[in-house]
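Structure first, commentary second.
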Amino acid sequence: MATNEDLANLLFPEVTETIADLEKRFPERNLPEGAQVTRFAPSPTGFLHTGSLFTAFIARTVAKQSGGVYFFRLEDTDTKRTIAGSADDLIHQLSQFGIVADEGYFPDGDKGVYGPYQQSKRASIYKVVIKELVRQGKAYPDFMTADELAALRKFQEDNKILPGYYGPYARDRRLTVDEAIEKIKAGTPWVIRYRSMGDHDKKIKFTDRIRGTIEIADNDVDIVILKGDGLPTYHFAHVVDDHFMRTTIVTRGEEWIPSTPIHLQLFRDLGWKAPKYAHLPVIMKLDHGNKRKLSKRKDPEAAVSYLLKIGYPPKAILVYLMSIANSNFEEWTFQNKSYDYTQFPFSFKKMSLDGALFDESKLNFFAKEVLAGIPTSVLAPEVMDWAKENDAVLSSKINQDPAYFTKILGIERDRPNPRKDYAKYSDIEPATRFFYDEDFAKIKANPLPFNPKYEPSFLKAFFADAAEKMAYGTTESTWWDSVKSIAAAHGFAIANKDYKANPSAYQGSVSDAAELIRIALTGAKDSPNLHEVIEILGKDHVQQRLRSAI
Ligand code: GLU
């Protein structure tokens, strides 16, 4: 009578290594106490989803904050779903966020000694482990054809039986070794299944770093661990890879919670210590009052590339994601204004459980804060690069005169309380149109009216004087003094309280006078700091706009 050992040798004659050899090849990492090893393990099946960026960001944050290692593993065993080039795109996009792995798969080759970091290149490693499981009778070949499996599914469906290959429905689980060997020798195609000893009627418990104790029905399905194409399924690859890559915390989406019993069984049967798990909330969106998953189809913001294309600075997106991750982050930013978000002590315990909500106004709030804090010298080249790729109109304006554009960008920047007017780079062009004559002509074609209490002749005289007598090329206070004296000469009150005490004695207050100048120069009632606007436009332009204001 043949043994499991014979079966294992027949299935995997080429495998000579043992699990002990692998343990030596991929030894425990030598890291300080508390240092965590985390990973981001995407499948190369499309674009970088905002939820995946969130997952990668959290994984990296946990590793960085604990002095550990963050690595990137490419989960490309589902060859049918693989999209060529998408792995490298993912890595490139993550690098735009500074999320670069300490080790792992890189487009120009692996970095690190726990590789290969691409699952399709690890077949020989998985087979060592599978051969051992077969030898121990914990895994077996299954010869069911696609048609037979479909018939089983239909039978279960028709009879309202829980679907799957388990217990009485796990046909080939009961084959003797001799029967299996005979089929293999006859050339019958096979996959390898795990022989689950779990009982679906019993619950198992495990601790999730975010959710605490999770109690969930145990697995009794004999899942496929090695497919017909010689590659493992996710479940098996996860267990082998996170063991031999010495991951300490698995951060992955909450959709994996129901499969965790499978993973824990495999870890236990292999005699390995399971990593800790942190199942991250899915990013949700409020849609007409109902929460739903951020959807690739319906929500452009589900694609990171879209957020970058409309010009959110990567840092702004990360700061925003941190606010989704930890409810105490926002308060922390107020208390630690001089700190960078990377100094925030992230904690799994502070993670929201009922789905993180993607909220555009919140993103804009954080993005404005972040964008305002970027020095002009850093921001200008970033915006120029962005515009080249994404905004032809802005790009051509920049090219007309880059120094002029840089000055515009620098308004009320590089100071303790910078102006928070842009959330994203695409906000810049519309907000700065008045600086460009062609656009200003369009603004003037449909002008904001001046307060009708002022007669045109009054305005004409006031603007003529302002054009002539305003101080140019000076400090803000010298310029303001000049505005005050021009205003006073035209009947405006210099002190607000004088105006308030006796409004009918004046044309208005000095701020009303400044507003007239502002409208004449920018076409709007609110603009950035008027003195800076005047200095950037330059005396000639200012005079010309004031003289033709009415
Ligand atoms: N490849 C899996 C996914 O994209 C990874 C899950 C995990 O991190 O373990 O969902």
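As the structure is a computational prediction, the values presented were derived from the model and not from experiment. Both counts, for ligands and for their atoms, begin at 1 and track the order of listing.
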Side-chain heavy atoms of Phe236 within contact of Ile192, under 4.5 Å: no
Judged by heavy atoms only, the candidate from His263, His235, Arg39 nearest atom 8 (O) of ligand 1 is Arg39
Where at least one partner belongs to residues 302-312, residue pairs that pass salt bridge (charged side-chain N to carboxylate O under 4.0 Å, His left out), sequence neighbours excluded: none
Non-hydrogen atoms of Leu308 and Trp386 that approach each other most closely: O-NE1, 3.2 Å
Residues Arg29, Glu103: salt bridge by 4.0 Å N-O rule: yes
How would you list, by chain and number, every residue that makes a side-chain hydrogen bond (donor to acceptor under 3.5 Å, both in side chains) with Glu382, sequence neighbours excluded? Tyr425
Atom 9 (O) of ligand 1 sits nearest the protein heavy atom Tyr234 OH, 2.5 Å
Is there at least one pair of N or O atoms, one from Arg252 and one from ligand 1, spaced under 3.5 Å apart? no
Can you tell which part of His238 has a heavy atom less than 4.0 Å from ligand 1: side chain, backbone, both or neither? neither
Does an N or O from Trp256, backbone or side chain, lie closer than 3.5 Å to an N or O of ligand 1? yes
Under a 3.5 Å cutoff, is there a donor and acceptor pairing between the side chains of Tyr320 and Asn364? no
Any nitrogen or oxygen of Glu75, side chain or backbone, less than 3.5 Å from one on ligand 1? yes
What's the shortest distance from atom 3 (C) of ligand 1 to any protein heavy atom, and which residue and atom give it? Ala41 O, 4.0 Å
